[in-house]
Structures are given as C-alpha cells and as structure tokens.
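Numbers here simply count residues along the sequence, with the first being 1.
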Amino acid sequence: MAIVKNLSRTLSQLLQSPSCGCQTSLVPVRCIGVSPRQVTSDANFHSVSFSETDHPRVLITGGLGQLGVGLAKLLRKRFGKNNVILSDIRKPPDHVFYNGPFIYSDILDYKNLREIVVNNRITWLFHYSALLSAVGEANVPLARAVNITGLHNVLDIAAEHSLRLFVPSTIGAFGPTSPRNPTPDLCIQRPRTIYGVSKVHAELMGEYYHYRYGLDFRCLRYPGIISADSQPGGGTTDYAVQIFHDAIKNGKFQCNLKSDTHLPMMYIDDCLKATLDVMEVPAASLSMRTYNISAMSFSPEELVQEVKKHIPELQVTYNVDAVRQAIADSWPMNFDDSNARRDWGWKHDFDLSELVTTMFNILGSDSRVAHIN
C-alpha cells in the first residue's frame with residue numbers, strides 16, 4: 001500500500017511540474033448553458049480527404065436564406081441527395097422540405113449543433129446563419145449574438161470534429177478608410193456596421209483557428225448577390241433584386257440608393273460555383289484563407305437602363321434611405337479578385353446583360369404561370 005501511495009504522490013508531482021514535457025495546457029473554457037468545450041493547445045486537426053467514390057457529409061446552417069437553398073441543390077447534384085442537410089430555425093416551405101434532408105438547428109445552442117454534427121457524421125460545414133447589414137443595424141444585440149456567438153460555436157465544433165468549414169464574408173467587411181476602387185484582398189478594414197464587424201471577426205478567427213489548431217477554414221468575400229429564387233432579405237444591395245420583382249409586378253420601382261452608387265455584384269450561379277470550387281480545391285493551392293470574388297460592378301442607374309431593354313415603360317424614382325446609403329458609401333466600388341483567379345482558377349460566367357436576361361427569363365416565366373393559374 002505504501003508503494004501505491006508513493007507512486008500516486010510522484011505522478012501527481014510530475015503532472016503539476018512546469019518542466020514536465022507531457023503537460024497539456026488548455027485554452028480557457030467558454031460555456032453557454034451547460035455546454036462547456038475546450039480545444040487543447042497542441043491540437044492538430046486536419047479535414048477529411050475523400051476518394052473519388054467517397055463524398056463529404058454536408059451541413060448548411062441558416063439554410064433557408066438566399067444562398068442556402070441554392071447551395072443545397074448544387075451540392076446534392078454533386079454528392080447525392082442524402083449527403084447534404086439543410087438546417088435553420090424556421091419552418092421550411094414544402095418545396096424545400098421534400099427535396100432533401102432538413103433539420104432544426106439553432107446555432108446559439110451549442111449542444112444541439114454538436115449532436116447534429118456527430119449523429120450525422122458531418123465532414124463539411126457551410127455556415128450561412130447571419131443577420132444582414134440593414135437588419136443588423138436595427139437590432140445590434142441580436143446581430144452580435146447570431147453573427148459572433150454563433151460563429152464561436154461553429155468554430156469550436158468544427159475544430160473538435162476536424163470539419164472543413166466555410167464561412168462567407170462580404171463587401172461589408174470593409175469601411176470608409178479602405179481603398180474602394182479596386183479593393184484588394186489585404187488592406188485596412190474598419191467597417192461601421194455590426195454586420196461588417198462580425199464578418200471581419202469571422203475572417204480573423206477562422207484564420208487564427210487554422211494556424212493555431214490546423215482547422216481547414218475557407219472564406220470568400222461575396223459581393224452583392226442577385227437571385228430569382230428568393231425575396232430581398234434586408235441587405236443594402238437588395239435593391240438589385242427588388243427591381244425585377246417590382247418591374248414585373250407593376251412596372252414601377254423605387255430605389256433606396258442614389259442612382260450613381262457603384263457596388264460589386266454577382267449572379268447567384270456564379271456565387272455558388274465559386275463556393276463549391278474553393279471548397280474542393282486542394283489546401284496546398286490556397287495562399288490565403290479569405291479571398292475576394294467578383295463578377296461585375298454597376299450602379300442603380302446602369303441596372304435600370306439594362307432592365308428597360310426588357311421593360312421600356314418601367315417608371316423609376318429614387319427615395320434614398322440614409323442608413324443604407326451610408327453603408328453603401330463605405331463599401332468597395334469594385335473588388336480585386338486576382339488572387340482567387342490565380343490560385344484556384346476562379347472565373348465568372350455572368351455579366352450585367354446576361355444577369356438581367358436570366359432574371360427576366362426566370363421571373364417572367366413564373367409570373368406568367370401564376371397569372372394563368
């Protein structure tokens with residue numbers, strides 16, 4: 001018994017000794033509710049590699065937003081319907097619910113999110129849950145919780161379970177002191193919205209987790225995204241979606257930005273293609289973890305002129321929203337995405353003319369069908 005006590009005492013002293021080479025230090029444990037988690041300082045995580053016959057198991061958070069549904073459709077064609085799970089805190093419409101796996105997930109509930117990742121053997125995670133620019137300014141505490149606390153939960157889970165993690169960033173990650181025309185990948189970033197601040201935070205935290213823990217973090221700064229599949233969701237660039245709905249519905253459009261406000265834009269198909277491309281590219285090809293991507297830059301007036309080629313009788317008025325205009329004036333006018341084009345072959349397919357024609361082909365067809373019905 002004396003030998004056991006001596007061994008126990010010796011082991012205890014070794015573990016407490018700062019000179020012990022086996023000592024494992026821990027970063028401070030953060031807790032939400034009863035869900036403590038921690039990442040060891042010597043952790044070395046690597047994302048899973050896939051053979052040609054293997055497919056990633058994908059989870060998309062905030063999946064009912066503008067991009068989530070389209071991304072799920074693209075990934076299901078690529079990896080199989082049951083390998084891609086959409087999640088959100090809202091009830092999905094029927095056409096989404098019956099097109100593939102859907103699960104309730106609150107990113108502020110760490111335990112629930114972790115169970116989803118573990119139970120479904122998730123290997124890739126696309127984190128789209130966020131409050132956009134104008135909506136975020138109207139409710140800063142909620143934006144701070146969703147955009148920052150939610151991100152922390154996702155980062156911890158991704159690191160713990162060796163996921164390949166994609167978090168989108170935005171033109172809103174830049175501010176009035178950033179170079180605006182063009183805006184490079186690396187420059188001063190001082191955004192003046194909680195949305196922008198949270199996205200800079202996401203970029204830096206993702207890069208930190210990559211270098212500190214080996215997390216396979218990937219990020220693209222999206223320009224304004226234009227899609228026919230969803231309604232505007234409170235973003236500063238949403239005028240470029242609203243104009244098509246209003247033009248078809250009543251031939252009138254009221255723009256909330258000045259007519260000469262130039263912002264980088266992209267059709268959703270290009271955005272989704274870029275997202276999949278950057279997730280599939282070998283890690284060795286990436287010279288950075290966050291890239292600008294762009295396709296075009298235009299003003300409301302330039303968009304109006306292109307729309308009038310399809311609906312010449314369109315009536316346009318300008319009723320400038322001071323909050324949205326101030327946000328737009330602090331954002332880039334044009335993105336420099338030369339690093340993405342060089343490192344992993346990014347190339348857009350849609351210019352302004354093709355974008356407008358495609359939007360009218362989709363929305364005009366839907367409108368005619370609705371009218372007949």
Side-chain angles (χ1 to χ4, degrees), residues 62 65-68 70-71 128 130-137 168-176 178 180-183 191-193 195-196 198-199 219-247 253-275 290-307 318 320-321 323-337 340 346 348-356 358-359 362-363:
Q66 183 185 31
L67 296 172
L71 181 64
Y128 279 106
L131 264 66
L132 300 183
S133 53
V135 175
E137 290 307 289
S169 190
T170 169
I171 55 174
F174 298 98
S178 304
R180 298 186 65 211
N181 191 24
T183 303
R192 292 184 177 176
T193 67
Y195 177 59
S198 70
K199 286 303 183 181
C219 177
L220 296 178
R221 292 192 189 104
Y222 291 156
I225 305 301
I226 300 175
S227 166
D229 295 328
S230 61
Q231 294 292 326
T236 300
T237 59
D238 279 353
Y239 84 87
V241 176
Q242 189 68 53
I243 187 173
F244 294 99
H245 293 278
D246 290 356
F253 172 63
Q254 185 177 89
C255 184
N256 52 32
L257 294 182
K258 295 178 181 177
S259 62
D260 60 350
T261 305
H262 278 80
L263 292 169
M265 298 284 189
M266 179 181 288
Y267 185 58
I268 189 170
D269 285 10
D270 277 339
C271 176
L272 299 178
K273 182 184 74 168
T275 302
T290 298
Y291 289 89
N292 292 340
I293 56 166
S294 189
M296 67 196 89
S297 176
F298 57 77
S299 67
E301 179 58 29
E302 289 170 337
L303 178 58
V304 165
Q305 293 307 314
E306 197 65 39
V307 168
Y318 292 89
V320 177
D321 180 285
V323 173
R324 281 179 168 84
Q325 187 63 50
I327 292 171
D329 288 342
S330 72
W331 283 359
M333 299 172 64
N334 200 4
F335 260 164
D336 176 1
D337 60 358
W346 160 240
H348 69 277
D349 293 327
F350 291 81
D351 60 17
L352 178 57
S353 176
E354 291 167 325
L355 180 153
V356 171
T358 302
M359 288 290 286
I362 297 172
L363 292 176

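- Across L257 and Q325, no two heavy atoms sit closer than the pair CA-OE1, 3.3 Å.
- By the 4.5 Å heavy-atom criterion applied to side chains, F253 and Q242 are counted as neighbours.
- Here the side chain of S297 pairs a donor or acceptor atom with the backbone of M333 at under 3.5 angstrom.
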Legend entry - Pair D260-E301, side-chain contact (heavy atoms from CB on, under 4.5 Å): steps then yes or no: CA-CA 6 Å; D260 60 350; E301 179 58 29; over 6 Å; no
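- Counting all heavy atoms, side chain and backbone alike, F335 lies closest to S294 at CB-CB, 3.6 Å.
- We find the CD-CE distance between E302 and M296 to be 11.5 Å, quoted to the nearest 0.5 Å.
- Rounding to the nearest 0.5 angstrom, the gap separating the CG atom in N334 from the NE2 atom in H262 is 9.0 Å.
- Judged by distance alone, the side chain of N292 and the main-chain N or O of R221 form no donor-acceptor pair under 3.5 Å.
- When the shell of 6.0 Å around CZ of R180 is examined, it contains more than 12 heavy atoms from other residues, nucleotides or ligands.
- Counting only heavy atoms from C-beta outward, the side chains of Y195 and I327 never approach each other to under 4.5 Å.
- The CG atom of D238 sits 13.0 Å away from the CD1 atom of I243 when rounded to the nearest 0.5 Å.
- In this structure, D329 has no salt bridge (Lys or Arg N to Asp or Glu O under 4.0 Å) partners at least two apart in sequence or on a different chain.
- Looking at heavy atoms from C-beta onward, P264 lies in side-chain contact with I171 at the 4.5 angstrom threshold.
- Scanning all heavy atoms of the two residues, the minimum distance from I225 to V241 falls at O-CG2, 4.0 Å.
- Side chains of T236 and D321 form no contact here, defined as non-hydrogen atoms less than 4.5 Å apart.
- Legend: residues meeting salt bridge (Lys or Arg N to Asp or Glu O under 4.0 Å) with D337, ordered by chain and number and at least two apart, are R341.
- Taken to the nearest 0.5 Å, the OG1 atom of T261 stands 7.5 Å off from the OH atom of Y239.
- Atom CE of residue M266 and atom CD1 of residue I293 lie 4.0 Å apart, to the nearest 0.5 angstrom.
- Between V304 and Y318, some side-chain heavy-atom pair lies under the 4.5 Å cut-off.
- Nearest approach of P332 to L263, heavy atoms of both residues: O-CD2, 3.6 Å.
- In this structure, K199 and A130 approach most closely via the heavy-atom pair NZ-CB, 4.3 Å.
- Taking both residues in full, the closest heavy atoms of S227 and M359 are given as O-CE, 3.6 Å, listed atom of the first, atom of the second, then distance.
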I'd like a table of donor-acceptor pairs (distance under 3.5 Å, sequence neighbours excluded) in which one partner is a side-chain atom from residues 267-275, with atom names and distances.
| from | atom 1 | to | atom 2 | distance (Å) |
| --- | --- | --- | --- | --- |
| D270 | OD1 | D349 | N | 2.9 |
| D270 | OD2 | D349 | N | 3.1 |
| D270 | OD2 | F350 | N | 3.0 |
| K273 | NZ | K347 | O | 2.6 |
| K273 | NZ | D349 | OD2 | 3.1 |
| T275 | OG1 | Y222 | OH | 2.6 |
| T275 | OG1 | C271 | O | 2.9 |

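- Atom CD1 of I226 and atom OG1 of T237 lie 7.5 Å apart (nearest 0.5 Å).
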